[in-house]
Chemist: 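First, the structure itself, so that you have it in front of you.
Chain letters run A, B, ... following the sequence lines, proteins first and then strands; every chain starts at 1. Atoms considered below: every heavy atom in the structure, side chains included; atoms not considered: hydrogens, waters and symmetry mates.
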Amino acid sequence: MLGHKEEPIDVGLRPSGQPRFGDYQAGFAMSMGKKLGRPPRALAQAVVDAVDWSDLCEKLPEVAGPGFINFTLARALLQKLATHLGRDERLGVEPIGTPRIVVVDYSSPNVAKAMHVGHLRSTIIGDCLARVLGFLGDRVIRQNHIGDWGTQFGMLIQHMVEQESGVQNLEGEVGDLERLYQDAKRRFDAEPEFADRARARVVQLQAGDEETLGKWRKLVEASQRHFEHVYHRLGVHLGRDDVRGESFYNPLLAKVVVDLESHGKVKLDQGAKVVYPQGFKNPEGLPAGMIVQKSDGGYLYATTDLAAARYRIEELGGTRLVYVTDSRQMQHFAMVFQALREVGWAPEEVSLEHVPFGMVLGPDRKPFKTRSGDTIKLIDLLDEAIRRAGDIARRKNPELSEEQLGDLAKAIGIGAIKYADLSNQRIKDYVFDWDQMLAFDGNTAPYLQNAYVRIRSIFRKGGLDAAEFMGQSILLAEPGDRLLTLKLLEFGTAVEAVSRTLEPHRLCGYLYDLATSYHRFYEQCPVLTAETEDIRNSRLALSHLAARTLALGLDLLGIDVVERM
RNA sequence: GCGCCCGUAGCUCAGUGGAUAGAGCAUCGGUUUCCUAAACCGAGGGUCGGAGGUUCGAAUCCUCCCGGGCGCGCCA
C-alpha cells in the first residue's frame, strides 16, 4: 500500500506532546505523501482504514492537522504492557544485540596535585556513560589516563631529594602533595641552579635510575590514595585497575614515531617530527601539524594519545573509543582521530568519539574559582555539598538521627552536584549554583530523590513489602494511572538515547518528567486508600515500578536514593 | 586571519524537521481532618541573536551577518 519496496519504513511514531493528541502520534504521512504524490491526510486516512485497530487502540486513530495520526492505546493493551514492564528486571531496557568493547577515558587527574573543580565534569560524565553503556550490555573498559609522567616530575623529585622532610609527609594527606608541588615550582622558577638539577633529574627518570624511580613511585602512590579518596566520596567507579597513566605508554612512544615514519607520515620541521592530518590549517593558512617528537627528542601528548588509542584498539580490543574531556580539546582529538584513520590504526569499524563538555562557571559567569581566585579543590567542594545538604535536611526533618542524616546528606549533596552537571547539555558551560542544585523544586536531584522517598513512604506506612508487588497485574482505573504508565514505558528509549548521543541530560530530562508524573499521580490517585483491592494493588505495583525506575535511572547517573528525607 | 562551540521567557535551562515553542526559579493567586506541602493546581511573561534560503512544514537543515567563548608546533 505504501509502496513496493520491502525496505522498512520509519513511521515516525513517538509519544504525543499533548494529551489531546492521544498517547502516540505518527508523522510519516506528511513526508511520504510528497514522495507518493498523495495528499498526506488522505494517505493517513487510508492507513487508518486499512488496519483493524480494535485490539490496539481505544478508539479509531484520528487523522489530524496536516496529516498526523493520533493513537490512543487500548486500555487492555496498556495494562498488559505495564504488567509486563513491572515484571521485567530491566524495566524495558533491551540489552543491545551486538555488544561492543567500549573504552571510556575519563577523569584523568594529575599526580602530585589535588583534584580540582576542573576534573569534576569529566569524572561525573564519564562515570555516567560507563554505567549506561555497561547496563545496555556493552563491555565497558574504564581508563583513567592520569598525568603521571613528564618534565614536571624532574622538579618534584629533585625537591624531594633535597628536602628529605617532604618525602616523609607524603604518607599523609594531599595537602602535603600540594605543598610539595608549590614549593618545587617556586624553587624551579626562582633558582636557576635548581632548575638545572631538575632538568637533569628528568633525564635520570627517563633513564630508569632506581633512586629517581623510587621517589616517583612514592609520588604516584600518594596521589593514587588521594584519587581513591575523592572517587569514594563521589561514588565513582574508578579504581587502580582502571589507571593507565601517561607513564604506561612511555615505552610505546618510540615505536609510534617509527611506525608513523614507516607510513611516510612524518615530516621534519626545525628538528621536530610532525604529522599533518588532512583538513587542518594553522594561523598562516598552511596545513596544521601535530608534533610527535620534539627537537630535543621528547614526546608530547599527541604521541601519547596515539599510543593509547593503539593500545586500546589492538590490546584491549576496543571498538568504540570514548574520550571525556573538555571542549577545548576538540581540535586536538579531531587531529588525533584523523591521523589514526590515515595510518590505519583505527579501522572503519572502530568508532572514535570525543565527548566534549563546557566549563563550570562561578556566579560571575567566569571559570569557577574561590573568592581569592584559587582553583577549588574537589574534596572541599564535595564536603561543602554534604554539609549544605545536611543543614537543609536537619532543618526540614529534625527527628532524623545523626547517622541517618550522614547518609542522607551524602546522597543529596553528592547527588545534587552530579545532577546539576549531568542535567545540562554537556557542551555548554553551566553556572555552579548551590541554591539551585539543592532546591526541592525543579529539575534537581533532591526533587527526584523525593519522588522515590514518597513511594517508599507509602510502603512503610502500609507495612508492605514492595517486592511482593512486582508481579501484580496493573489496572488503569483513572487518567493518573494511565499517564504514569505511559511515562514509565519510555524509560528504555531514554536510556538508549544516552548511549547513542553520549548525552546524559536526556536521561535526566526523562527522570524529571517521570518524577513529575509520579507526583501528579500521587496527588490524584490514592494508593493505600484506593476504592478497591485490585486498584490498590495495581497502584502499589505502579508505585513500586516507578520507584525502581527512578532508582535505576539515578543509579545510571551515579546518584543514590534514600529511604526517607 | 582560519576553524570549532554557544546565543530560546527577567534568571537558569529543555526542546528527535512537525500541530498553539516548554519546565523550574522569580512575580501573583489557589490547594493539607487524607500515603512526606521537600508536593500539587492556576495566571502573567517569547521578534527562538538578525537576514536570506531549502521544505507541505524550520528554534532545529544550508548560506551570510552580529554578539560571546575557545582553539590554531615543541604544555596537556
Chemist: Has A:K273 got a side-chain N or O lying under 4.0 Å from the OP1 or OP2 atom of B:G73?
Modeler: no
Chemist: Map A:K281 and A:I392 onto RNA chain B by nearest heavy atom, then report which one ends up closer to the 5' terminus.
Modeler: A:I392
Chemist: Quick one: which of B:C75, B:U20, B:U8 gets closest to the side chain of A:L300?
Modeler: B:C75
Chemist: What I want to find out is whether A:R395 reaches A:D391 closely enough, with some N-O distance under 4.0 Å, to be called a salt bridge.
Modeler: no
Chemist: Under 4.0 Å, heavy atoms only, any strand: does A:F432 hit a base, just the sugar-phosphate, or nothing?
Modeler: nothing
Chemist: Given A:W149, which of A:Y301, A:Y299, A:F248, A:W216 fulfils the ring pair (Phe, Tyr, Trp, His ring centres under 6.0 Å) condition?
Modeler: A:W216
Chemist: Could you tell me whether the side-chain ring of A:F21 sits stacked on the base of B:A19, using a centroid cut-off under 5.5 Å and a plane angle under 30°?
Modeler: yes
Chemist: Could you tell me whether A:E490 and A:K487 have a side-chain N and a carboxylate O separated by less than 4.0 Å?
Modeler: yes
Chemist: Pick base, sugar-phosphate or nothing for A:M330, based on heavy-atom distances below 4.0 Å to the nucleic acid.
Modeler: sugar-phosphate
Chemist: Can you tell me the distance, in whole Å, between the CD atom of A:Q331 and the P atom of B:C2?
Modeler: 15 Å
Chemist: Check every atom of B:A38, B:C35, B:U12 against the side chain of A:D441 and return the nucleotide holding the closest atom.
Modeler: B:A38
Chemist: Indicate, with a heavy-atom threshold strictly under 4.0 Å, whether A:A64 touches base, sugar-phosphate, or nothing.
Modeler: base
Chemist: Thinking salt bridges, do A:R482 and A:D23 make one under a 4.0 Å N-O criterion?
Modeler: yes
Chemist: Please work out if A:P283 contacts a base, only the sugar-phosphate, or nothing of the nucleic acid, heavy-atom cut-off 4.0 Å.
Modeler: base
Chemist: With respect to the side chain of A:Y301, which nucleotide from B:U16, B:A76, B:G71 is positioned closest?
Modeler: B:A76
Chemist: Hey, does A:V274 reach any base, or is it just sugar-phosphate, or nothing, if we go heavy atoms under 4.0 Å?
Modeler: base
Chemist: Mind checking A:S295 for me? I need base, sugar-phosphate or nothing, with any heavy atom below 4.0 Å counting as a touch.
Modeler: base
Chemist: Which one, B:G15, B:A39, B:C35, comes nearest to the side chain of A:Y447?
Modeler: B:A39
Chemist: I need the CD-P distance between A:E503 and B:U16, as an integer number of Å.
Modeler: 9 Å
Chemist: What does A:R365 touch in the nucleic acid at a heavy-atom separation under 4.0 angstrom: a base, only the sugar-phosphate, or nothing?
Modeler: sugar-phosphate
Chemist: Can you tell if the side chain of A:D421 reaches within under 4.5 Å of the side chain of A:K418, non-hydrogen atoms only?
Modeler: no
Chemist: Nearest of B:A76, B:G1, B:A39 to any side-chain atom of A:Q329?
Modeler: B:A76
Chemist: From the set B:U12, B:C70, B:C6, return the single nucleotide nearest to any side-chain atom of A:R328.
Modeler: B:C70
Chemist: Angle class for the A:F491/A:Y510 ring planes (parallel below 30°, perpendicular above 60°, tilted otherwise)?
Modeler: tilted
Chemist: Going by centres under 5.5 angstrom and planes under 30 degrees, do the aromatic ring of A:F68 and the base ring of B:G18 stack?
Modeler: no
Chemist: If you look at every strand shown and take non-hydrogen atoms under 4.0 Å, does A:P526 touch a base, only sugar-phosphate, or nothing?
Modeler: base
Chemist: If you measure from the C1' atom in B:G45 to the same atom in B:G24, how many Å do you get, rounded?
Modeler: 14 Å
Chemist: For nucleotides B:G42 and B:G50, find the distance between their P atoms and express it as a whole number of Å.
Modeler: 30 Å
Chemist: Would you mind classifying the nucleic acid contact of A:L528 as base, sugar-phosphate or nothing, using non-hydrogen atoms under 4.0 angstrom?
Modeler: base
Chemist: Measure from the side-chain heavy atoms of A:K294 and tell me the nearest of B:G73, B:C41, B:C75.
Modeler: B:C75
Chemist: Report which part of the nucleic acid A:Y522 touches: base, sugar-phosphate, or nothing (heavy-atom distance under 4.0 Å, all strands).
Modeler: base
Chemist: What is the distance, rounded to the nearest whole Å, between atom CG of A:D421 and atom P of B:A14?
Modeler: 12 Å
Chemist: Check A:R539 with A:E478, please: is the shortest side-chain N to carboxylate O separation under 4.0 Å?
Modeler: yes
Chemist: What contact category does A:Q425 fall into here, base, sugar-phosphate, or nothing, at under 4.0 angstrom with non-hydrogen atoms?
Modeler: sugar-phosphate
Chemist: Which listed nucleotide (B:C74, B:C40, B:A39) is nearest to the side chain of A:R520?
Modeler: B:C40
Chemist: Could you tell me whether B:G71 is syn or anti, where syn means a glycosidic angle within 90 degrees of zero?
Modeler: anti
Chemist: Which value, in whole Å, describes the distance between the P atoms of nucleotides B:G67 and B:C40?
Modeler: 43 Å
Chemist: Roughly how far apart, to the nearest Å, are B:G22 and B:C62 at atom P?
Modeler: 25 Å
Chemist: Using the P atom in both, what is the distance from B:U16 to B:U60, to the nearest Å?
Modeler: 12 Å
Chemist: Quick check: on RNA chain B, is the nucleotide nearest A:M565 upstream (toward 5') of the one nearest A:N424, or the reverse? Name the residue that is more 5'.
Modeler: A:N424
Chemist: May I ask you to decide if the ring planes of A:F432 and A:F368 are parallel, tilted or perpendicular, using 30° and 60° as cut-offs?
Modeler: parallel
Chemist: Between A:F521 and A:S543, what is the shortest heavy-atom contact and its length?
Modeler: CE2-OG, 3.7 Å
Chemist: Output the rounded distance in Å from NZ (A:K185) to P (B:C75).
Modeler: 13 Å
Chemist: With rounding to whole Å, what would you report as the distance between B:A76 and B:G18 at their C1' atoms?
Modeler: 45 Å
Chemist: The side chain of A:N282 is closest to which nucleotide in this list: B:U8, B:C72, B:C5?
Modeler: B:C72
Chemist: Whole-Å distance between B:A23 C1' and A:K487 NZ?
Modeler: 12 Å
Chemist: Rounding to an integer number of Å, can you tell me how far A:R539 CZ sits from B:C35 P?
Modeler: 16 Å
Chemist: Nearest whole Å is fine: how far is B:G3 P from A:L286 CG?
Modeler: 15 Å
Chemist: Over all strands shown, is A:D326 touching base, sugar-phosphate only, or nothing at heavy-atom distances under 4.0 angstrom?
Modeler: nothing
Chemist: Using a cut-off of strictly less than 4.0 Å, decide whether A:K461 has a side-chain nitrogen or oxygen near OP1 or OP2 of B:C34.
Modeler: no
Chemist: Using a 4.0 Å heavy-atom cut-off, does A:D305 contact any base of the nucleic acid, only the sugar-phosphate backbone, or nothing at all?
Modeler: nothing
Chemist: From B:A19, B:C35, B:C74, pick the nucleotide closest to the side chain of A:Q270?
Modeler: B:C74
Chemist: Kindly indicate whether the side chain of A:D513 and the base of B:A14 share any N or O donor-acceptor pair separated by less than 3.5 Å?
Modeler: no
Chemist: Over all strands shown, is A:H332 touching base, sugar-phosphate only, or nothing at heavy-atom distances under 4.0 angstrom?
Modeler: nothing
Chemist: Show the numbers, then the answer: is there a side-chain hydrogen bond (donor to acceptor under 3.5 Å, both in side chains) between A:Y249 and A:D305?
Modeler: CA-CA 9 Å; A:Y249 301 104; A:D305 280 334; over 6 Å; no
Chemist: Expressed in whole Å, how much space separates the C1' atoms belonging to B:U20 and B:C25?
Modeler: 25 Å
Chemist: Please verify the inter-ring angle class for A:Y323 with A:F333; under 30° counts as parallel, over 60° as perpendicular, anything in between as tilted.
Modeler: tilted
Chemist: Extract the stems that RNA chain B is part of, considering only consecutive pairing runs of at least three Watson-Crick or G-U wobble pairs, both distances under 3.5 Å.
Modeler: B:1-7 with B:66-72, B:10-13 with B:22-25, B:27-31 with B:39-43, B:49-53 with B:61-65
Chemist: Would you measure the distance from the P atom in B:G10 across to the matching atom in B:G46 and give it in whole Å?
Modeler: 7 Å
Chemist: Are there over 12 heavy-atom neighbours, none belonging to A:R328, within less than 6.0 Å of that residue's CZ?
Modeler: no
Chemist: For the pair made of NE2 in A:H519 and C1' in B:G24, what is the distance, rounded to whole Å?
Modeler: 13 Å
